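What follows is a single structure, written as structure tokens, with notes after it.
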There are 2 protein chains.
Amino acid sequence: MKKAPTIRDVAAAAGVSVSVVSRVLNPESGPVAPAKREQVLRVIGELGYRPRAAARELSAGHALTVGLVVADLANPFFAHLADRVVWEARSHGVQVVVMTTQEDPHLEADSLDTLLDRSVGGVIATPTGGNIEKWERLRDLGVNVVFVDRTIPELEDVDVVSIENSDSARRATEHLIALGHTRIGLITGPTSTSTGQARIEGYRTALENASIVVDPMLIRDVPFRGDGGGDAVGSLLALPDSPTGLIVANTAQVQSSVRRLVQVGVRIPDELSVIVFDDNPWTELTNPPLNVIRQPIDMLAVHSIELVLGRMQGRLPAGARRIEVKADFVPRNSSAPLIRSAAS
Amino acid sequence: MKKAPTIRDVAAAAGVSVSVVSRVLNPESGPVAPAKREQVLRVIGELGYRPRAAARELSAGHALTVGLVVADLANPFFAHLADRVVWEARSHGVQVVVMTTQEDPHLEADSLDTLLDRSVGGVIATPTGGNIEKWERLRDLGVNVVFVDRTIPELEDVDVVSIENSDSARRATEHLIALGHTRIGLITGPTSTSTGQARIEGYRTALENASIVVDPMLIRDVPFRGDGGGDAVGSLLALPDSPTGLIVANTAQVQSSVRRLVQVGVRIPDELSVIVFDDNPWTELTNPPLNVIRQPIDMLAVHSIELVLGRMQGRLPAGARRIEVKADFVPRNSSAPLIRSAAS
DNA sequence: TACAAAAGTGGAACCGGTTCCACTTGGCCC
DNA sequence: GGGCCAAGTGGAACCGGTTCCACTTTTGTA
């Protein structure tokens, strides 16, 4: 097990001082004579010298690292998001430390402490909704925070990147209304989350615009974890006047919901028109392929990284940015016009 | 933006030297009088002191961090693996820096350099197959490497955690043979990878045991990236004597392959019996639900972390460990007995 | 040619931990 | 009561970078 060369080894071998080597490494920090620069670069190549990140971090007080805090990498949405974030970060020479919360505020708090210890320059997170003081403290300590996908209403001065949740839900609902459906079930995330609220709002708007009375029984807010989606499907279908349309607007519960639909054997789209939030690799492999609201994950990732790095480099004006990107509605074959009382 | 307290602040506030505080933090490094320990802990609590990881790393020469190098977090297998690795690492107080290679050796080399700069204590990776010298150099510099899922034959002294690839392929093949199939297509990863080789080997073994002649035309090794799976499906089905059974043993190409099957409209299992490698969230949502070889991802993650941390703490004997875990065959409804010449 | 400004250089402090080592206490035993 | 060993403590060096500052050498201009 060899020992890696340090900046002093390089300086000695090149016959210059460490200051010069350091300035070769960080050109903006001072001038170096062209000849010496060459010389130093040559020695660096020969020795295979690479600066230790830890030393730089210690001196700089913060790391060229961002934390990514998501619920769960087993969820394809977060996995895909993480993939893009890692990719975008790499193109900026930044590393990503990934932590998962499992939607548990305690684990989230823990993750934030850990990231704080690591002096990360920024954090990109889908917050659980708790830990408000902790997020504030993080920001007070100079860590740049960007919320992605969701937000926390109380934290007004945090940057947010999300999709147009309300608008997307409205469009999905309008699609079903246009097909003649009036009893439309909605499965969302908890009403304590911004996405849950916004999607319900969009759903209501669409119904109210069409003068359809909103039946609270048709709205199910279920937790992100567990099998609440399937249960909601079950109880919606068991309703005396069961819905003919269903919007699953909880990305973490799509799988559970669809599994139940398959188990129960409802005929889609004949008996039930379905639209789900978020395009997964498999939504076009089901029978029939599902209509989806596709979140532009690439855009979410790009904007998040841009924001967090922009803040880290101090080249963004003060004041929170709220970026909302449009989500596409992808029509496939899981919705059909309502056949009036065909079932009775 | 406040400034976080340092160990010297704590020492001053507690009326002791930094040495004492350090010893309170790392009990094994020396004795502290119980009274002072209390005192120090109290001050730490009051000040909200947290040690900077960078300082510790610089001093220790290595970080309490492991690198996870996978192809692509958009692939559910890797995503799930990453999820479990992050989870297991957390329970040991270790952070995970995730890097993706997109199966490109250059990006892989780059990732390794970056991880080296960060002085990570270990790396868990699914190697692309290239960069042999780089992996060796990494190990020479004291970074503990564990390959997961795949391996590189040339690197004999690296720990490996994988499933019983050959055995799994053999069992899948035997399942189809038992149903009467003799023309069985196999889609694997590149033959340059250990998994590709081992799975082909298992497939051949099963066929040879059953005295079925191996038709090389039925074996398709396709790259992990791109749409090779779908293309292979297309050309296999276009064969004059097309297969009645198909094993997709390339996790990254399952989606592409199944998509093509759906597009072409082959009736499964009537016209084609299918088994795919790796259980995804969606394999039971397709029509019909797919028979799968389920990789015990939790086990892979647990063993990988155990190995890498064990090495980091020097509590593992020298010599490479090769851990092979059994993969389950999960029968669902995508295979059926061969109906002799029913199609002709 | 003279002199100010700019370019180039090296020494040393600093970031915040860990650890070695020398030193002071105290308890125990003979 | 003297001597010894262990427990407890603090000072200071060290890890490997960055950066400030003082100093020397150019360069440009009057």
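Computed from a predicted model, the values in this text were never measured in an experiment. So you know, we letter chains A, B, ... as the sequences are listed, proteins then strands, and number each from 1.
For the residue pair B/Glu57/B/Ser119, the side-chain donor-acceptor check at 3.5 Å is not satisfied. Side-chain N/O atoms of A/Ser111 and B/Arg90 include a donor and acceptor closer than 3.5 Å.
Salt bridge present: B/Arg311 and B/Asp159 bring a charged side-chain N and a carboxylate O closer than 4.0 Å.
Within 4.0 Å (heavy atoms only), A/Pro51 reaches sugar-phosphate atoms of the nucleic acid but no base atom.
The separation between B/Glu28 atom CD and C/dC20 atom P is 12 Å, rounded to whole Å. Taking atom CD of residue B/Glu57 and atom C1' of nucleotide C/dT18, one finds them 13 Å apart after rounding to whole Å. Put simply, CZ on A/Arg56 is 19 Å from P on D/dC15, counting in whole angstrom units. Summarising the geometry, the separation between NE2 on B/His62 and P on D/dC15 is reported as 15 Å, rounded to the nearest angstrom.
Between A/Ala54 and B/Ser17, it is B/Ser17 whose nearest contact on DNA chain D lies nearer the 5' terminus. Both B/Ala33 and A/Val21 lie near DNA chain D, and the one whose nearest nucleotide falls closer to the 5' end is B/Ala33.
Across all their heavy atoms, B/Val145 and B/Val158 have their closest contact at O-CG1, 3.7 Å.
A donor and an acceptor atom sit less than 3.5 Å apart, one in the side chain of A/Arg8 and one in the base of D/dG17. Counting atom types as modelled, B/Ser19 pairs a side-chain N or O with a base atom of D/dG11 as donor and acceptor under 3.5 Å.
Comparing atom distances between the B/Ser22 side chain and each of D/dT9, C/dC15, C/dT19 picks out C/dT19 as nearest.
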